[in-house]
Amino acid sequence: MLVMSSQAFAQVSGSATAGGFRYRLAIEPTEDRWITFMDGGKMNHGMEASYLILQKALDSGNYIVSEIGSPSAKILTAHTGSLNLKTAAQDEDAVKEELKKRMPNIDWDKVLFQGHQVGESQLQSENHVLQVMGLANAQGLLKTSTSSSDDLVSKLPVGNIPTVQPHIRIRPRLETLLYASGRKGNRVVYGFDKETLNPFNAGRAGSIDNEFVTPFQAGEKCPVNSTLNSPLEATGYGPWKSNFGFSLDEGIEFSVLGFGFGFKYKSYQIKTQWVFEVEWPALKQKKDFVYETKAYGKDIGISGQYSGWSVGVEVQKRKTLREALNQVLPQVLDEIFKVTAMSPWTTEVVSLSSWGAMIRGDHLDGLAQGTTLWSDRGYPYQVVATYDGISLIQPYGHQMGALVGMKLFSHSQEALKGTLNQLTLASSKPASAIALAAQSGESVEGITGIHSQSLELPQLTQPQEVESLQAVSCQPKKRGWIERMLESVLVVYGLIRYETLYDASADASVEAPQGVTVQSATPGLRVALISTGISPKEKELKGMLLPGFDFLSWDPRPADVLGAGTTEAVYLKKNSKVPFEIVPVKVFGPQGETHSAALYSSFEWLAKRQDIQLVVIPFSPKVKSQAYVKGIELLVQSGKTVIAPDSIQIAGVERSPSSSKEIELAAFESKVKLNKESVGVLQRASLWLQKNSLVKNQTGLQSKTLQGERR
Amino acid sequence: MKNLNIFAVGFLSSIIALNSAEARVLKKRVDVKRLEGRAFAVPGGQTLDFPYLVNLQFPYVLAEHGAFVQRDASGGQPSGVSVTAMTAPWSEDFQILSQYHSETEMQTLATTEQPLPACLEDLPMAAISGAMTGFDFTGGFTGKFGFDPAGSLGPITGIGATVDVKRTTLSMNLSAVDPLKGVAYTGAAGKSTETQLTIDASVDFSKFHINPRYFYQSPLAQVIRQGILKTLTALDEAMNKIEPWHSYVYKTRERGSETFVIFRGGERDVGIKAGDVFAIQSLQYDWSGTPCKSTYNGRMGRKIAEVEVISQGSDFLSEARVIPGSETDVTIRPGDKVVLVKLSK
């Protein structure tokens, strides 16, 4: 009998599961996805999920986890002493150059090289550089004289030896990533979910990012309007500025001659939907577990001023996406384990010896001396010794009949049938963790089945970068203290304006627009106006407005907060002098900002609507926008008439030259100026309306006459 | 900030120094895989290539940490070939060994070896893999004070000051992967929180917002370094709970009635000293087919001897002699496991 020093291999790694078995878990790498903000900043999420699952799985004690990632993952090398100083000096410059090229806005001398405080004799400055250089080479950044890490990879066992098939395989998938901030007019929503995915918001390799990125340098330019040929400017101060008060949901600041106070509350929320695709390869079962997480950010600021002296505090709190995901992962793994525990733990015979059969698995898998396992024919075997990765079994009250490759189960044949039935039943349920929770009669916190329609993102606040950039850099000019004081005094008027004019919800008749064809009381021509939205309170347009959509905030109430869209609609009405109905489509925010995903979504949505005859696009972008071009192509293909500025080179579009003059109209409770490009488009649209209204009327008359004759 | 950094580094160094004074520990020979992470975009369309920065610093911080040594950095990849084929560091090591053995013995030492399958020639204790799972702004505080007789709460024209504290957290996950099974047998999560403290006498009160530039105004390298250090400490502790320090037999030799064992890991790389005691475990590997090219099933082993280190000042190999009375009739072979039993004082 072989005397085994099992003690030498007795490794302790936490307790095994209640059932005694740990399941081999393989986690696949997660695709990283992102949202691009208007200032070009990105918010990524995804890849960390696999690593967080790995950690939680190890912590839970229920799983043994395979390494994440491809076997070809590179090995880092240090190569201490393998470079001469001359080479190192050259490499140092090369590395710095490369770093500067990649990340030009960072002072690399400070950040990288001085940031390190080594203090160890073997890592003094020159050696440090040598190491850094050696590493740079290992990553393939620079081609220098050091050896490649590939040589080492070939000698390293990890990744080169085939691994054992897992009991469970998890493929995490991020399906929804939505960011929301602001309320009413300044609300913005970025991101994607299953229903609203398009080439401009997919946030994955191959998708197109926002093309309307605003410049970063604060104060250099107005970041918003620089992307458009048709500047949407809210000129003036206080009440003379059409978007005055649009951000007052964030609080107010009031100060006159050294006395005042301020209060600010800004926040944002991020929602994600995760799908954890779980597979039990041996059982040929699959199941999706769907979870939702929430992250947020809050800024609260209070300030006061007395006789010129001011004091203020601001506190910022964040719950990051990683924290939110980390919170939900134990539940995910528990739920997966609940299902997994219904299935038998399995192993197989890997070799035979004169003492018995050797099976895969050891104490880490939950095997111990005395553990009983069952063959698929129902014969019991007992573990007599465990080693490192393998264990010895012997038949229990019967003759040894094991063969290499024979499967062994943690349950007897009868129990096995029952558990497999249970698993099959569970798997036939809708693929959602809710189903599991309901089945077990437990409430599972944080688990909801969600659809994009039910995503009710709170009407909250602003992305940190975007908001700050707008506040700093979108000022037409630096205001003097008199102007600031005036605005401060008139903040009450701003509040009234915010609560009344910008309150899109005032029009209760407007409902969710997706694919809706609205029955109008006065059937006529229907015109979609793509702009800043239209105020439902504009008296001039009473009875003309149909449900539209706000593609910036994913809101069925495309209220205007800048005035351009409302004024354009009023001008179109006055200039055409024929009856028609308007579908307002909002793609610009209170400062004239937009992004590619919103723009493209609006075109896509309009292309699907059969009840619209004319689409008016009174603007063109200064930047080369695929969203703009591809969107208009969709509209043309859908058979609608599209009137747009002359600069658009798309076949099938009715192009309109700019007007010779700008027009200023009283609308939107102020005076708003329309530029030459938009006036030109609107004049052409007016002519189209007059012509087609006449045709429609004549067709209507003929139709009536024919009906009369038949009678 | 600079002072804070210096303080932090000094403090950390003191802790390391204290620890090393308390008890000698052997550095774990590991491989390091490329750590995953993501580049992140900063406003304006520029990108901070974080994985590049983290991987750039990792081996360097690993060396600083003191609990690990990279296998390849500890002397290359000697395989059981002849002495003449060995690289300089190995020759140096053999010079040390030659103090104890004759030239003939050294030749025998180098040439009588039975070759092991390639993947077992030099197994590390683990391969470290992982990812930077987050680099987030997690909170902050701004306090401001000023005097502007003319004015409003807007940009101040008089005097003023502000205190701005931003908290940035770097999160990492590292795991120790079994080099043969490809299984992450333990893992650790670590965090590094960088607090940026700015006291500025010329204040712009209009900056009532989060400045995106905090990302690179903070000493980035310090955040990364501390994150790695903390995670490595947690990983080291987790690994210590699972298995003792171990290495593998490189060569053996007989001299008279005594058996000498040369194993991987020396004083310079892992900190082995004369008098340290190790157990030798004979291993039998079980593969489903050709060794190193088929699925690895596991290994059986048993303790066959105890050895005491006799080499002094060794680089990457240690020599030990079998403690009389501890041996069995099983021959010690290259590839057998050397498990730490006791460190000398």
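So you know, we letter chains A, B, ... as the sequences are listed, proteins then strands, and number each from 1. Computed from a prediction, not measured in an experiment: that's the story for all the values here.
In this structure, OG1 on B:Thr169 lies 7.5 Å from CD on A:Glu323, to the nearest 0.5 angstrom.
A salt bridge does not link A:Asp362 with B:Arg299: every distance from a Lys NZ or Arg NE/NH1/NH2 to an Asp or Glu carboxylate oxygen is 4.0 Å or more.
Closest non-hydrogen pair, B:Leu174 versus A:Gln55, comes out as O-OE1, 4.2 Å. The heavy-atom pair separating B:Tyr296 from A:Asp388 by the smallest distance is OH-O, 4.2 Å. B:Gly187 approaches A:Leu58 most closely through the heavy-atom pair N-CD1, 3.4 Å. A pairwise comparison of heavy atoms in B:Met132 and A:Met47 identifies O-SD, 4.1 Å as the closest pair.
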- Message: Under the criterion side chain to side chain contact (heavy atoms under 4.5 Å, CB included), I'd like the reasoning laid out for B:Thr142 against A:Val313: C-alpha separation, chi angles, the key distance, then a yes or no.
- Response: CA-CA 5 Å; B:Thr142 305; A:Val313 290; over 6 Å; no
- Before giving the answer on salt bridge (Lys or Arg N to Asp or Glu O under 4.0 Å), spell out for B:Arg38 and A:Glu48 the whole-Å C-alpha distance, their side-chain angles and the decisive distance to 0.1 Å. CA-CA 9 Å; B:Arg38 69 165 66 90; A:Glu48 61 269 54; 2.4 Å; yes
- Task: In sequence, state the C-alpha distance, the side-chain angles, and the governing distance for B:Met300 and A:Ile390, and then conclude on side chain to side chain contact (heavy atoms under 4.5 Å, CB included).
- Result: CA-CA 8 Å; B:Met300 294 186 294; A:Ile390 47 178; 3.8 Å; yes
- Message: Go through it in stages, so that I can follow the logic: the residues are A:Tyr51 and B:Glu36, the test is side chain to side chain contact (heavy atoms under 4.5 Å, CB included), and I'd like the CA-CA distance, side-chain angles, deciding distance and then a yes or no.
- Response: CA-CA 9 Å; A:Tyr51 296 91; B:Glu36 297 301 321; 2.8 Å; yes
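Here B:Asn297 is the residue among B:Val183, B:Asn173, B:Asn297 with the most heavy-atom pairs under 4.5 Å with chain A. The choice from A:Ser50, A:Gly389, A:Ser391 that makes the most heavy-atom pairs within less than 4.5 Å of chain B is A:Gly389. Across B:Gly66, B:Ala279, B:Ala131, B:Ser175, the residue that shares the most heavy-atom pairs under 4.5 angstrom with chain A is B:Ala131. When B:Gly134, B:Ala188, B:Ser288, B:Ala189 are compared by the number of non-hydrogen pairs under 4.5 Å with chain A, B:Ala188 comes out ahead.
In this structure, the portion of B:Ser129 lying under 4.5 Å from any heavy atom of chain A is its side chain and not its backbone. Both the backbone and the side chain of A:Ser66 come within less than 4.5 Å of a heavy atom in chain B. Contact of A:Leu54 with chain B is made through the side chain alone, with heavy-atom distances under 4.5 Å.
Within the 4.5 Å cutoff, side-chain heavy atoms of A:Arg322 are placed close to those of B:Ser171.
Under the rule for a side chain to side chain donor-acceptor pair (under 3.5 Å), the partners of A:Thr36 that lie at least two apart in sequence or sit in another chain are A:Asp209.
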